[in-house]
Amino acid sequence: MTELNQIDLRALAAGNKRAWDAFVAAAAPLINAVVRRTLSSYRLGEDDVLDAAQDVFVRLCARDFRLLKTYDPARAGLGTWLSVVARSAAIDHVRRRRQATHALDDVPESVLAVEDRHIEKLKIPHGLLTERQTLILKCLYDEERDVAEIARLLKIDAQTVRSTHHKALLRLRAHFGEESP
Amino acid sequence: MKAERTPRTDKELWRSLAAGHGASPGPVSDLDLASWLEGRLPEAAAARVEAAVASDPELRRAALELAELQGGPLPAAPVRMVVRARALIGFDAERQARRGGWFGRMFPSGPRHAFQRSAMVAMSIVVAGVGFVIGGGLGESFAQQMHGSEVAATTAANPSNELADYFTGDEL
């Protein structure tokens, strides 16, 4: 079977049937995995997975392969770009589907969660934390992800995540006059 | 008496803070996000994507999920998924895309089709010329027809004469 990185993108964007068939065979496992992962929290059935995956392929070839033609191999791997496109299409599929009536039990708790706005929060001044420090703290405390997941996301080792986290908290405590626990 | 403050845990401290950074960073394109996920972006561009990912919970979840899937083993896709996706592009679509529709079929591009293009242009000129000549001929014919119809109209004005001639003819 042809690998994704062996696909002739020029032939594909020109509408070559054989290139398209090879592309579908190579991309389907990735698109299937991304769509399933994205829809997993919405308790949708197999038909929805297939429909959402089909939406991804439709999006890629629509308007004379307009979206596919925006892909630039010099900037990102085809697999990574496809996974971003697939997730976005799957989310759009869920949104369209949710416009119809649905049982409350089918909605994930994360979607229903309402932030308690009665607590007045102290605002972190702009520039106190770097973008990376903010992202790490958000992943750790808002998304409740572990250090290994964040390290994988940022392509850095776990120790760097820990030290960035530590430095960020030192800055916050120093700024707000907090003592370390 | 001074109340003793219990130091807050890191999580409690974070939760007590509003992490918004004022102006939200601009939207991140699919290609930029993919590039960032692969660690290919230069530092300044990466910082912009990181700011966007930090400020947008949906984008953050997307990034975390996609990072989780990256490089991992992928199960085979259902056959139905592959069949449906392949059906989106048929051989007809390929031919149409290659020819660019009716115009492309008449005037194919590329150096190999130069002779065909010249022949088509020459043929178009001949057809237009013949059409012009025939158009003139038809004009004459139309004028004649107009003139003739005036004569016919005077004849047709008295149909009883025709009938009389017919019966007169029978007497012979």
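These figures come from a predicted structure and were not determined experimentally. Every chain is numbered from 1 and lettered A, B, ... according to where its sequence line falls, protein lines coming before strand lines.
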Which bit of [X] comes within less than 4.5 Å of chain A, counting heavy atoms only: side chain, backbone, both or neither?
{"X": "B:Gln70", "result": "side chain"}
{"X": "B:Arg60", "result": "side chain"}
{"X": "B:Leu64", "result": "both"}
{"X": "B:Arg86", "result": "both"}
{"X": "B:Leu37", "result": "both"}

Basic-acidic side-chain contact under 4.0 Å: [X], [Y]:
{"X": "A:Lys17", "Y": "A:Asp21", "value": "yes"}
{"X": "A:Asp47", "Y": "B:Arg80", "value": "yes"}
{"X": "A:Lys138", "Y": "B:Glu50", "value": "no"}
{"X": "A:Glu144", "Y": "B:Arg15", "value": "yes"}

Check: Between A:Asp48 and A:His93, do the side chains contain an N or O donor and an N or O acceptor separated by less than 3.5 Å?
Finding: yes
Notebook entry, point to check: Are a donor atom and an acceptor atom from the side chains of B:Asp32 and B:Ser35 found within less than 3.5 Å of each other?
Noted result: no
Taking side chain as everything from C-beta outward and backbone as N, CA, C, O, which of these in [X] sits under 4.5 Å from a heavy atom of chain B? Side chain, backbone, both or neither.
{"X": "A:Ile91", "result": "side chain"}
{"X": "A:Ile136", "result": "neither"}
{"X": "A:Val56", "result": "neither"}
{"X": "A:Thr38", "result": "both"}
{"X": "A:Ala74", "result": "backbone"}

Next item on the list: Report the relative orientation of the aromatic rings in A:Phe65 and A:Trp20; use parallel for angles under 30°, tilted for 30 to 60°, perpendicular for over 60°.
Entry: perpendicular
Note to self: In terms of relative ring orientation, are A:Tyr71 and A:Trp81 parallel, tilted or perpendicular, with 30° and 60° separating the classes?
What the structure shows: tilted
Next item on the list: Name the option with the most non-hydrogen atom pairs under 4.5 Å to chain B; the candidates are A:Glu149, A:Arg132, A:Arg36, A:Arg37.
Entry: A:Arg37
Flag the one option from [options] with the top tally of heavy-atom pairs under 4.5 Å to chain A.
{"options": "B:Leu66, B:Val82, B:Val49, B:Leu41", "value": "B:Leu66"}
{"options": "B:Ala47, B:Ser29, B:Ala62", "value": "B:Ala62"}
{"options": "B:Ala54, B:Ala67, B:Ala76", "value": "B:Ala54"}

Notebook entry, point to check: Are any of the side-chain heavy atoms of A:Phe23 and A:Leu9 separated by less than 4.5 Å?
Noted result: no
